[in-house]
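Notes follow once the structure below has been shown.
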Amino acid sequence: MRSLADLISDGVRGTRVLVRADLNVPLDTSTGDPIITDDGRIKASLPTLKALIEAGARVIVVAHLGRPENGRDPSLSLAPISARLAELLGQEVRLSTDVAGPDSSKQADALTDGDVLLLENVRFEPAETSKDPELRGAFADLLAGLAQSYVDDAFGAVHRRHASVYDVALRLPHAAGDLVRSEVEVLDRLTQDPERPYVVVLGGSKVSDKLPVIRALLPKVDRLLIGGGMCFTFLAAQGHDVGGSLLEEDQIETCRGLLEEAGDRIVLPVDIVVAQALVADAQLQVVSAQQIPGDRKGLDIGPHTVLAFTEHLKQAKTVFWNGPMGVFELAPFAAGTRGIAQAVADVDGLSVVGGGDSAAAVRQLGLDESAYSHISTGGGASLEYLEGKQLPGLAVLDESAGQAATP
Ligand code: ADP
Ligand code: MG
């Protein structure tokens with residue numbers, strides 16, 4: 001895989017470089033003007049962009065925001081992102097009105113060395129995410145036509161076979177951006193001979209989303225600590241009543257099998273914070289994980305569980321954490337996530353946080369980001385990488401431009 005440094009040393013001054021960045025940040029649209037609630041991904045994109053700007057490249061950034069349903073959706077315009085990016089870079093960032101159409105071409109032609117142009121939300125073009133390689137390819141031709149080389153720095157999108165991630169790399173000389181490289185390096189340390197004890201903490205809402213990664217990691221870890229909404233399907237698999245908590249009935253058997261296979265390597269909560277409803281002024285109660293009342297929902301792990309998980313984390317030399325331990329977005333249910341985030345921050349060894357909501361939780365709960373070895377920008381991408389899957393956006397960077405990659 002060619003690095004950004006390789007590309008830059010070949011000379012990029014005066015040339016147009018198309019950079020796929022991951023600027024898919026959470027937006028609060030409740031007050032009219034969209035407000036970026038967590039700009040972590042924009043900040044993570046800066047090193048690659050700055051390196052290219054300094055090297056005198058004419059930078060064209062392509063990125064997506066959300067999932068526009070039917071083409072153009074003004075509420076998902078990249079306008080707020082371009083404003084924030086300009087602030088962080090300390091220079092003007094132009095925004096095209098189309099994705100790879102006449103306005104993009106005109107604005108790309110007008111760039112001078114070190115300028116930055118952001119293309120409008122690439123998912124406004126249905127071809128971007130099409131399953132049809134010809135449709136994607138035709139769109140990738142337009143994107144590739146804007147530039148002389150391509151840098152993929154959108155780690156959060158490398159698991160997608162999308163035009164701006166995959167097909168465009170087949171058409172231009174390309175390199176991996178610094179963010180993609182650092183993400184891959186860290187994830188490799190988690191999969192190749194991690195220092196032990198190796199402890200993984202998983203939470204979040206859907207157990208079905210995380211089963212593949214549980215299967216892949218179980219043989220490698222010393223402990224797998226499970227909290228969040230997904231713990232209830234495991235508790236149900238042990239025969240406990242979980243009341244109104246999140247439950248995926250069709251996964252109970254699978255979870256039972258995993259518990260059998262894992263023995264004491266899977267650690268489940270011993271106590272749970274429950275409430276009647278998911279509201280900010282809820283009446284809280286801490287109950288045994290084995291006795292959740294029928295009319296209550298489990299919305300966070302309890303204090304004894306935080307202590308027990310913390311004990312495991314204290315001994316760990318390698319930790320990967322994905323998925324909040326409770327509904328941290330509401331203050332009454334944030335303590336479990338805060339406690340685990342703190343324990344992971346205190347790990348004496350490699351500590352990696354993966355997952356969009358987990359990374360947002362770290363920042364929202366005011367933890368010191370620098371206390372972690374690495375906070376991944378990619379949720380799905382980091383999980384799929386840990387599962388050992390081949391990710392299209394990475395595989396294609398190993399191919400040379402013009403060469404057909406395996407479909
Ligand atoms: P990540 O983005 O870090 O991979 P997920 O998307 O899997 O994490 O899960 C995040 C969501 O899980 C959060 O919005 C949080 O509110 C929710 N969650 C955590 N615990 C529970 C629970 N006990 N009940 C319902 N939802 C939960
Ligand atoms: Mg998420």
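Please read all numbers here as calculations on a predicted model, not as lab measurements. Counting starts at 1 for both ligands and their atoms, following the listed order.
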Check your understanding: Between the side chains of Ser208 and Glu248, does any donor sit under 3.5 Å from an acceptor?
Key -> yes
Exercise for review: Taking atom types as modelled, find out whether Thr233 and Gln251 have a side-chain donor-acceptor pair closer than 3.5 angstrom.
Suggested key: no
Exercise for review: Tell me yes or no: between the side chains of Asn322 and Ser358, is some donor less than 3.5 Å from an acceptor?
Suggested key: no
Check your understanding: Got a second to check how far Arg20's CZ is from His162's NE2, nearest 0.5 Å?
Key -> 8.5 Å
Check your understanding: Near Leu299, which atoms of ligand 1 are under 4.0 Å from a heavy atom of that residue?
Key -> 23 (N)
Check your understanding: Do Thr37 and Asp28 get their side chains close enough for a donor-acceptor pair, meaning under 3.5 Å?
Key -> no
Check your understanding: What protein heavy atom sits nearest atom 3 (O) of ligand 1, and how far away is it?
Key -> Ser358 OG, 2.5 Å
Revision key, fill the gap. Closest to atom 21 (C) of ligand 1 among protein heavy atoms sits Gly229 N, 3.3 Å
**Study point:** Sub-4.0 Å atoms of ligand 1 with respect to non-hydrogen atoms of Gly323
**Key:** 3 (O), 8 (O)
Review point. Should the proximity of Asn322 to ligand 1, defined as any heavy atom under 4.0 Å, be assigned to the side chain, the backbone, both, or neither?
Key: side chain
Study note, to complete from the structure: Any heavy atom of Phe232 under 4.0 Å from ligand 1? The part involved is side chain
Review point. Without hydrogens or angle criteria, can the side chains of His64 and Asn121 be said to hold a donor-acceptor pair below 3.5 Å?
Key: no
Study note, to complete from the structure: Closest to atom 9 (O) of ligand 1 among protein heavy atoms sits Gly204 CA, 3.2 Å
**Study point:** Part of Val327 within contact of ligand 1 (heavy atoms, under 4.0 Å)
**Key:** both
Review point. Could Lys314 and Asp346 be called an ion pair, given the rule that one side-chain N must be under 4.0 Å from one carboxylate O?
Key: no
Practice item. For atom 17 (C) of ligand 1, grab the closest protein heavy atom and report residue, atom and distance to one decimal in Å. Key: Ser205 CB, 4.1 Å
Practice item. State whether Phe124 and Arg72 meet the cation-pi test: NZ (Lys) or CZ (Arg) under 6.0 Å from the six-membered ring centroid, and within 45° of the perpendicular axis. Key: no
Practice item. Enumerate the atoms of ligand 1 whose separation from the nearest heavy atom of Lys210 is less than 4.0 angstrom. Key: 4 (O), 5 (P), 7 (O), 8 (O)
Check your understanding: With no hydrogens and no angle check, is any side-chain donor or acceptor of Tyr150 less than 3.5 Å from a backbone partner on Ser164?
Key -> yes
Review point. Is it true that Gly298 lies under 4.0 Å from ligand 1, counting heavy atoms only?
Key: yes
Point to revise | Closest protein heavy atom to atom 15 (C) of ligand 1, given as residue, atom name and distance to 0.1 Å | key: Glu329 OE1, 3.6 Å
Check your understanding: In terms of residue, atom name and distance, what is the protein heavy atom nearest to atom 8 (O) of ligand 1?
Key -> Pro324 CD, 3.5 Å
Study note, to complete from the structure: atom 18 (N) of ligand 1: closest protein heavy atom, distance to 0.1 Å, is Gly326 O, 3.9 Å
Study note, to complete from the structure: Checking heavy atoms under 4.0 Å, the part of Lys297 that sits near ligand 1 is neither
Study note, to complete from the structure: the Mg ion (ligand 2) has as its nearest N, O or S atom from Asp357 the atom OD2
**Study point:** Atom pair CD (Gln238) and CD1 (Ile252), whose distance is rounded to the nearest 0.5 Å
**Key:** 12.0 Å
Review point. By number and element, which atoms of ligand 1 are closer than 4.0 Å to a non-hydrogen atom of Gly228?
Key: 20 (N), 23 (N)
Revision key, fill the gap. In this structure, atom 6 (O) of ligand 1 is nearest to the protein heavy atom Asp357 OD2, 3.0 Å
Review point. Could you walk me through whether Glu120 and Ser77 pass the side-chain hydrogen bond (donor to acceptor under 3.5 Å, both in side chains) check?
Key: CA-CA 7 Å; Glu120 189 48 289; Ser77 164; 2.8 Å; yes
